[in-house]
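To start, the structure itself, in structure tokens.
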Amino acid sequence: MRLTQLYGKTLRETPSDVQLVSHQLMIRAAVMRSTAAGTFAYLPLGARALHRARQLVCSAMDGQEFIGQDGILSNEINSYRDLPKVLYQNDQTRINLYSLAADSAHQPFESSLARILKECDLNLTTIDDGDNAKAFALPHAKGSYNFVRCDSCGYAATKDAAKFVIEDCGCEEEILKLEKVGTPNCNTIASLAEFLDIGKCQTLKAVMYVYQKSEGSGRPFGFVFVVVRGDLEVSERKILNVLGGGTLRPATENEIKAVGAVPGYASPRELNVISNLQSPREASNNQVIVLADSSIHTGRNFAAGANEHGYHFINVNYPRDFKATLVADIASPIDGLRCGVCHNSYLRVVNGIKVAGYAPRRTAKAASTYLDAQGKPQEIIVSSCEIDLESLLVSIIETHHDDRGIIFPESVAPYDVHLIRLGKTEEARTAAEALYEKLPNVLYDDRDESAGVKFADADLIGLPIRITVSDKSLKAGGAEVKRRNSEAKEIVPLEKILPKVLEPSGG
RNA sequence: CGGGGUGUAGCGCAGUUGGUAGCGCACCGCGUUUGGGACGCGGGGGUCCGCGGUUCAAGUCCGCGCACCCCGACCA
């Protein structure tokens, strides 16, 4: 491709309104543009990079493409002879992969993904997402994907799946008499702890939800009053697991009042608590499900709301002072909890850019069976893997760039070679044109621009190999070859350029 | 959901007490340059986010709305 024909121009100035360096560089390098809706559009250079990434993923996964709903996937599997299979579905910027296998031990995705990341020279953190599911993300301060990681053993997990230890807080205390105290303007845990001069772990936090069971029988909705130690947070996913699916949304002020609680000073005391989840829902609508996190056992004499504006109870102890429908593990880790794997150090909350997710699962559909060698029906084990090519590209560029621009690894570079012609002499022009005809996969800067402009654009776009043809290089015996990831320059005779380019990098 | 910010040429931005819409980059033409974003001269390009109001006069002041960005958002 000739640069004079390429759609899209490089920008000298950094666009505002994008915070990631990779986005800034991609916009400047004419790889993509931002659109009004806050999304991105890919120019030809970007489309080629995504295309290369897609090819890399598909070939590494060694799968077969299909188009349509994933529901048809198991239809063609009748016999153990048909297994295993890897299929994939292409989105514009995503690839959804499915593995159909007879054996749950057959897990092709992780090793293939490792190969892909190696090709891209990309290091991602493997994150435990529960039930053998995994996520793969680049730790990045500006990423929006949160997980926790142990400083010491490197264990990483999503907040909902993390193994952590809640350390005791004041458990040695003697149990004291319940007491109501005035606590003006203490409608947050932080303000309450400060006012009473106690730690947040010595308070109980209340979080209220309205629960909607998904379609079907059973309780249509309910009010869920969650109690957790004040320094912890609540995992909505864990609550839903306890309740058996459905959806949660935060309760409104009116809904809180309707069950007899006081917003800002709510307490599980004196509420109409449902005794167990299986009990049929009774006529009165002020019943609440009280879910207490097991962290209520990791302390004593807590401070908690009094259901009266401006007042809290102190010395609240379970089960003496309030009832719970169920005590379960529903807390979400916060920064600084002890790691539940190595117990040596603490979990830190880390931001990242999620690139891929992997989820083994068993199909629920009765029809998803095959006949084994004995002719007996067996369930097909389906696992899925999703790779986001945009995030992959972003992570690669976040990892591989310098102050001059992108440094594309060969695996996803839109072109392999950036050919530059300097000067207007017939010799240089002829030699450059000849090279352009000979080289595969080359971007040719045939513009009448000054050397500085051309070099700066080549650095910005960041193709792996730069080849410069000029009067100077010809006089020296050929063309100058330089790799983007190195400062070394080498004059190579014109007839030896092609083998030189085909050499593996680093050579 | 709350708080703050921004909205003016393709991009980055200025625009004073209200008085003819500006600068840099990019773009077009001519010329000089050609190994690290070079220069001269000439040029084109605007729904100043939208709607309403105040005014002789609004990019500027007032009100409402929209969009985007940042920060906070487990609260009893």
Side-chain angles (χ1 to χ4, degrees), chain A residues 8-20 23-24 27-28 30 33-39 43 142 144 159 183 185-193 200 203-209 225-236 239 248-253 255-257 259-269 271 293 295 303-313 330-334 404-405 420-425 428-429 445 447-460 466 468-476 479-480 482 487 489 491:
Chain A
K9 290 187 182 66
T10 58
L11 304 181
R12 239 178 245 212
E13 296 182 56
T14 301
S16 64
D17 278 18
V18 288
Q19 63 282 29
L20 289 179
H23 285 156
Q24 295 172 353
I27 289 170
R28 287 223 293 135
R33 293 286 181 254
S34 45
T35 64
T39 59
L43 300 182
K142 290 178 178 165
S144 54
K159 284 189 168 186
T183 51
N185 300 322
C186 291
N187 56 356
T188 67
I189 287 292
S191 57
L192 177 66
K200 285 202 272 186
T203 68
L204 290 180
K205 175 190 287 184
V207 183
M208 276 92 87
Y209 294 100
F225 192 113
V226 178
V227 183
V228 62
R229 208 175 74 181
D231 57 327
L232 301 173
E233 295 189 353
V234 171
S235 163
E236 294 182 10
I239 294 171
L248 286 177
R249 62 166 174 81
T252 65
E253 209 166 305
E255 287 164 338
I256 294 172
K257 286 175 183 163
V259 299
V262 177
Y265 293 88
S267 165
R269 278 176 67 82
L271 296 182
D293 182 61
S295 59
N307 269 348
E308 185 176 340
H309 190 82
Y311 290 91
H312 280 81
F313 284 118
I330 50 171
S332 176
I334 51 163
R404 299 198 305 262
I420 290 177
R421 187 206 79 219
L422 294 183
K424 284 180 177 170
T425 65
R429 187 184 296 271
D445 191 345
R447 299 174 301 174
D448 289 330
E449 285 288 350
S450 69
V453 171
K454 293 189 172 193
F455 287 137
D457 278 346
D459 289 339
L460 180 58
R466 186 183 84 188
T468 310
V469 178
S470 66
D471 292 337
K472 182 177 151 184
S473 77
L474 291 174
K475 224 168 277 174
E480 177 194 275
K482 177 188 172 298
E487 289 308 307
K489 298 171 185 168
I491 296 291

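Chain letters run A, B, ... following the sequence lines, proteins first, then strands; residues in each count from 1.
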Between [N] and [M], how far is it from one [atom1] atom to the other, in whole Å?
N	M	atom1	value
B:rG45	B:rG22	C1'	14 Å
B:rU60	B:rU8	P	14 Å
B:rC61	B:rU16	C1'	15 Å
B:rC48	B:rA14	C1'	13 Å
B:rG3	B:rU20	P	38 Å
B:rC1	B:rG19	P	39 Å
B:rG24	B:rA9	P	16 Å
B:rA26	B:rG44	C1'	13 Å

In whole angstrom, give the distance that lies between atom [atom1] of [X] and atom [atom2] of [N].
X	N	atom1	atom2	answer
A:L204	B:rC74	CG	P	18 Å
A:H23	B:rC68	NE2	P	16 Å
A:K142	B:rC71	NZ	P	9 Å
A:R447	B:rA26	CZ	P	11 Å
A:D17	B:rC71	CG	P	13 Å
A:E233	B:rG72	CD	P	13 Å
A:R229	B:rC74	CZ	P	18 Å
A:I27	B:rC68	CD1	C1'	14 Å

Under 3.5 Å on both distances, the Watson-Crick or G-U partner of [N]:
N	value
B:rU16	none
B:rG52	B:rC62
B:rC30	B:rG40
B:rU6	B:rA67

Provide the closest heavy-atom pair for [X] versus [Y] in the form atom of the first, atom of the second, distance.
X	Y	value
A:A303	A:L192	CB-CD2, 4.2 Å
A:A479	A:S473	CA-OG, 3.9 Å
A:F455	A:I420	CD2-CD1, 3.8 Å

*Nearest-nucleotide 5' precedence on RNA chain B, A:E236 against A:S16*: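 The residue closer to the strand's 5' end, by nearest nucleotide, is A:S16.
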
*Along RNA chain B (nearest heavy atom to each residue), the more 5'-positioned of A:Q19 and A:K9*: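 Looking at RNA chain B, the more 5' nearest nucleotide goes with A:K9.
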
_Strictly below 4.0 Å, N to O, side chains only: are A:E233 and A:K205 in salt-bridge contact?_
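No, A:E233 and A:K205 are not salt-bridged.
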
*A:R421/A:D448 salt bridge by N-O under 4.0 Å criterion*: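 A:R421 and A:D448: salt-bridged.
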
*asked:* Heavy-atom count check: over 12 atoms from other residues, nucleotides or ligands less than 6.0 Å from A:K482 NZ?
replied: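 Above 12, so yes.
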
When you measure from the side chain of [X] to the backbone N and O of [Y], does any donor-acceptor pair fall under 3.5 Å?
X	Y	result
A:N307	A:S267	yes
A:R28	A:R12	yes
A:D293	A:A331	yes

*Would you mind reporting whether A:V207 and A:E236 have side-chain heavy atoms less than 4.5 Å apart?*
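No; the side chains remain at least 4.5 Å from each other.
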
_Any A:I27 side-chain heavy atom under 4.5 Å of A:L11 side chain_ =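 Of all side-chain heavy-atom pairs linking A:L11 with A:I27, at least one is under 4.5 Å.
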
*asked:* One character per nucleotide, please: for nucleotides 34-41 of chain B, 5' to 3', B when the base has a protein heavy atom closer than 4.0 Å, S when only the sugar-phosphate does, - otherwise.
replied: BBBBS---

_Strictly under 4.0 angstrom, non-hydrogen atoms only: write out the protein contact profile of nucleotides 2-9 of chain B, one letter per nucleotide from the 5' end, B, S or -._
--------

*Is A:I256 touching bases, backbone alone, or none of the nucleic acid, heavy atoms closer than 4.0 Å?*
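Base, at least one base heavy atom under 4.0 Å.
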
*With a 4.0 Å cut-off on heavy atoms, is A:V228 in touch with a base, just the backbone sugar-phosphate, or nothing at all?*
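No contact at all - A:V228 keeps every heavy atom at 4.0 Å or more from the nucleic acid.
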
